[in-house]
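Below is one structure, written out as structure tokens; the observations come after it.
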Amino acid sequence: MSRDDVIPILYEMALTIGGEVSLSPLLSRTLQRLLYFTSFPAGFICLDLPAPSDSDGGFLPVRLDAAVGDYKLIQHIGNVLQLPKQLLLGPAVRLDGQAALLSALPVLHNVYQAFLRLPIGRLGAIILMAPRMPETTLPLTLMFEPIMAHLEKAIMLCRHHDEYMSQLIADRQQADTRAEFLALHDALTGLPNRGLLLDRIHQAMAMGSRNGQYGALMTLNVDHFKQLNDLYGYQACDQVLIETARRLERCIREGDTVARFGGDEFMLLLWPLPATQKDAAIQAEQIAQQARQALALPYRLNGRELSVSCSIGISLFRAHLDTLETLLRNAETSVYQAKAAGRNTIRFFDPEIQTVIMARLALEADLERAMALNEFRLYFQLQANDQACVTGAEVLIRWLHPKRGLVSPAVFIPLAEETGAIVAIGDWVLEMACRQLQVWQDQPKFCHLRLAVNVSAVQFHRPDFTDKVSGLMARYSGVAGLLKLELTESVMLDSAEQVIRKIQLLKNLGIRFSMDDFGTGYSSLAYLKRLPLDQLKIDQSFVRDIASDPSAAVIIQTIIGMAQNLGLEVIAEGLETQEQLVLLKQYGCHHYQGYLLGKPLPIDQFEALLEQGDLSLALKQAPI
């Protein structure tokens, strides 16, 4: 056989093997071309042959990886067969008269007697079969040795490619599955999202049309969640939301749905409920009570316990008596009713309150725009001592709405704290107070006056609060000693050590601190003695009743005595009558603020009041 006869065959075989990237087509095409060049009618390939042992009885369990030319044999591709060791193992060989050896194969007519074995290195073997040995002058066993070496490498490459593609496909399928899941579920909690919940509400309404049963849509909000975000950060509050979801899932019945609508808002679809409104309401409230109790259990965050409460609103529905939009609006209104009732409570939808809730939402929208529209004004209420000297003033904010007129702080301050707008408002008030103090430095009659500014717990606990105040002190030099920050006892509800450090840091700049509304909050006396305060401010509720309620008088005397022992100044707010003033002086209180001395006034009127001459003129109606 000449070299010119062999080279084209090997070249085409090499092209065939090198042109495939996946194992299955590589083996099939290799077999097809081998059969063509050798004139054998059928063949198969077995890879990963097991090592023979003395106990295998002359047969090996092998997987049929590829087969060509015999229909019955092809049907067994991928199956494990028991085949003779003499057929599979050994060097390249071409043998005839092997009918007994080949009879173990699952072939069409057991007509094969000749075979050609071509080992694929250490990976396996190719077996070509024929009823009788084809006539050829080609040195088959020797000729295909380089091709088998090439095939061995190609098999390894194809296997790596197939593994990579399998992983790629698996990753794509997982991504598709995840995308399908996220289309209907909340990414953070895994709960059904708004879209899936609305679909299930539609289904419940449709079923209710047939059987007359009630359902309920329960809206649940985590109380003061925005403040929790400010105090603990988003990561910790995400853990609160996840744990809330798990607890709610344990409260509902089979067939009910708990969904996350966004933020801290969860919705529970309770279906079915009894066919009478009263029984449906009772069962819905029982589930709501279970949810409220479950969420009242402490949460563990970063090794410490956190107490969380929730407000729950419930809106009953039956069939399509209400539209879906109306049902959702009623559910939202009911949770607002629960919040208006003091939070941590449950309320059913009451149409009579809906008007009040809508008005509150409108006020919230106006509040968001008030700062940008320059609608806030500062008022000043003077403070004086028992020597008839004005010592300063408390800075009070007023909202002058173009349509609503003067909006009471009792209305918009709590709303601003709930929405988080109090931070921007508080920053503005603080800067305006510093600016006013600096203006007064050039006016001898006012340069000694102190200004007291209220700081909300939300604002104080912001991580950047001390940096902001330090920046103001740098811009408005010389005013730090005249600035007094008033904190309420609510700042001590959490992170007392951090509160103490913040106060001390700002006191190092010269700023004074007063505890506002003292006696109405939750201060621990153990912390109070450590707080670097300068002043306690007696709440006006005690001052108002000092002459009529012996308990109020005792509380005031206790506060004054405690402050004196701690070396703190005391100021009484809400002073309105001479009788109150006499008693306060008698108990040892030397600083006052209230309508008896003067109402809160805009800056021009406040200065005009003090410009009447001697500053004590402002106290003529209430000589001290």
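By convention here, the first residue in the shown sequence is residue 1.
Here the closest heavy-atom approach between residue C237 and residue F225 is recorded as CB-CZ, 3.7 Å. Across I74 and G69, no two heavy atoms sit closer than the pair CD1-N, 4.1 Å. In plain terms, the two heavy atoms of L31 and G43 that are nearest each other are CD1-O, 3.9 Å. Scanning all heavy atoms of the two residues, the minimum distance from L273 to Q213 falls at O-CB, 3.4 Å. Closest approach of L35 and L128 over heavy atoms only: CD2-CD2, 3.7 Å. Counting all heavy atoms, side chain and backbone alike, F348 lies closest to A281 at CZ-O, 3.4 Å.
Side-chain atoms of N193 come within 3.5 Å of backbone N or O of L196 as a donor-acceptor pair. With R94 contributing its side chain and T141 its backbone, the two residues share no donor-acceptor pair below 3.5 Å. Put simply, the side chain of R117 gets close to the backbone of P91: a donor and an acceptor are under 3.5 Å apart. Proximity of a side-chain donor or acceptor of H161 to a complementary backbone N or O of V21 within less than 3.5 Å is detected. Between the S103 side chain and the A100 main chain, a donor and an acceptor come within less than 3.5 Å of each other. Using modelled atom types, one side-chain atom of T323 and one backbone atom of T326 make a donor-acceptor pair closer than 3.5 Å. Under a 3.5 Å cut-off, the side chain of T419 and the backbone N or O of A416 do form a donor-acceptor pair. In this structure, R253 contributes its side chain and P272 its backbone to a donor-acceptor pair below 3.5 Å. No donor-acceptor pair closer than 3.5 Å links the side chain of R247 to the backbone N or O of R250.
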Run the side chain to side chain donor-acceptor pair (under 3.5 Å) check on R292 and Q289 step by step: do they pass?
-> CA-CA 5 Å; R292 190 167 69 90; Q289 289 287 5; 3.1 Å; yes

CA sep, side-chain torsions, deciding dist, call: L73, M129, side-chain contact (heavy atoms from CB on, under 4.5 Å) = CA-CA 12 Å; L73 190 61; M129 307 173 297; 3.9 Å; yes

Evaluate side chain to side chain donor-acceptor pair (under 3.5 Å) for D186 paired with T189, printing each intermediate quantity in order.
-> CA-CA 6 Å; D186 173 55; T189 63; 2.7 Å; yes

Would K468 and D427 satisfy salt bridge (Lys or Arg N to Asp or Glu O under 4.0 Å), going step by step from the backbone distance to the final call?
-> CA-CA 8 Å; K468 286 181 178 179; D427 290 346; 2.6 Å; yes

Verdict with supporting geometry, M13 and L34, side-chain contact (heavy atoms from CB on, under 4.5 Å) = CA-CA 8 Å; M13 286 296 302; L34 284 172; 3.7 Å; yes

Test R200 against T257 for side chain to side chain donor-acceptor pair (under 3.5 Å), laying out the working first.
-> CA-CA 8 Å; R200 292 182 180 177; T257 299; 3.1 Å; yes

Quick one: do Q113 and R132 satisfy side-chain contact (heavy atoms from CB on, under 4.5 Å)? Show the steps, please.
-> CA-CA 6 Å; Q113 297 187 32; R132 62 177 181 271; over 6 Å; no

Steps toward side-chain contact (heavy atoms from CB on, under 4.5 Å) verdict (I312, T219) | CA-CA 6 Å; I312 300 177; T219 305; over 6 Å; no

Salt bridge (Lys or Arg N to Asp or Glu O under 4.0 Å) evaluation trace for D65 with R63 = CA-CA 6 Å; D65 291 294; R63 183 185 65 251; 2.6 Å; yes

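For the pair P131 and Y112, the minimum side-chain heavy-atom distance is below 4.5 Å. Within the 4.5 Å cutoff, no side-chain heavy atoms of F349 are placed close to those of I314. Counting heavy atoms from C-beta outward, C46 and L83 have side chains that approach closer than 4.5 Å. For the pair L47/L27, a side-chain contact is recorded, criterion being any heavy-atom separation below 4.5 Å from C-beta on. The side-chain heavy atoms of Y299 and E305, taken from C-beta on, include no pair separated by under 4.5 Å. Counting heavy atoms from C-beta on, the side chains of V62 and Q82 never come closer than 4.5 Å. Taking 4.5 Å as the limit, some side-chain heavy atom of L197 sits within range of a side-chain heavy atom of L269. Put simply, the side chain of V240 reaches to within 4.5 Å of the side chain of L306, judged on heavy atoms.
Note: D264 CG to H224 NE2 = 11.5 Å, rounded to the nearest 0.5 Å. E417 CD to K226 NZ: the interatomic distance, rounded to the nearest 0.5 Å, is 12.5 Å. Between the OH atom of Y234 and the CG atom of L241 there is a distance of 11.5 Å, given to the nearest 0.5 Å. Remark: L324 CG to R329 CZ distance equals 11.0 Å, nearest 0.5 Å. Put simply, CG on L198 and CG on L328 are 6.0 Å apart, with the number rounded to the nearest 0.5 Å. Between atom CG of residue L217 and atom OG of residue S315 there is a gap of 6.5 Å, rounded to the nearest 0.5 Å.
Remark: the R501 side chain and the Q498 side chain contain no N/O donor-acceptor pair separated by less than 3.5 Å. Side-chain polar atoms of Q32 and Y36 form no donor-acceptor pair below 3.5 angstrom. Defined by atom type and a distance below 3.5 Å, a donor-acceptor pair is missing between the side-chain atoms of D279 and Y214.
The only option from R343, K339, E265 that meets the side chain to side chain donor-acceptor pair (under 3.5 Å) definition with N221 turns out to be K339. The side chain to side chain donor-acceptor pair (under 3.5 Å) with S311 is formed by just one residue from the set T345, N344, D223; it is D223. Exactly one of N79, L81, D70 qualifies for a side chain to side chain contact (heavy atoms under 4.5 Å, CB included) with P106. That residue is L81.
Between F465 and F460, the two ring planes are tilted [angle within 30° to 60°].
Salt bridge annotation for E243-R246: absent, with no cationic side-chain nitrogen under 4.0 angstrom from a carboxylate oxygen. Checked for salt-bridge contact, R159 and D162 miss the test: no charged N lies under 4.0 Å from a carboxylate O.
Surrounding CD of E12 are more than 12 heavy atoms belonging to other residues, nucleotides or ligands, all under 6.0 Å away.
Judged by the 6.0 Å and 45° rule, R33 forms a cation-pi pair with F37.
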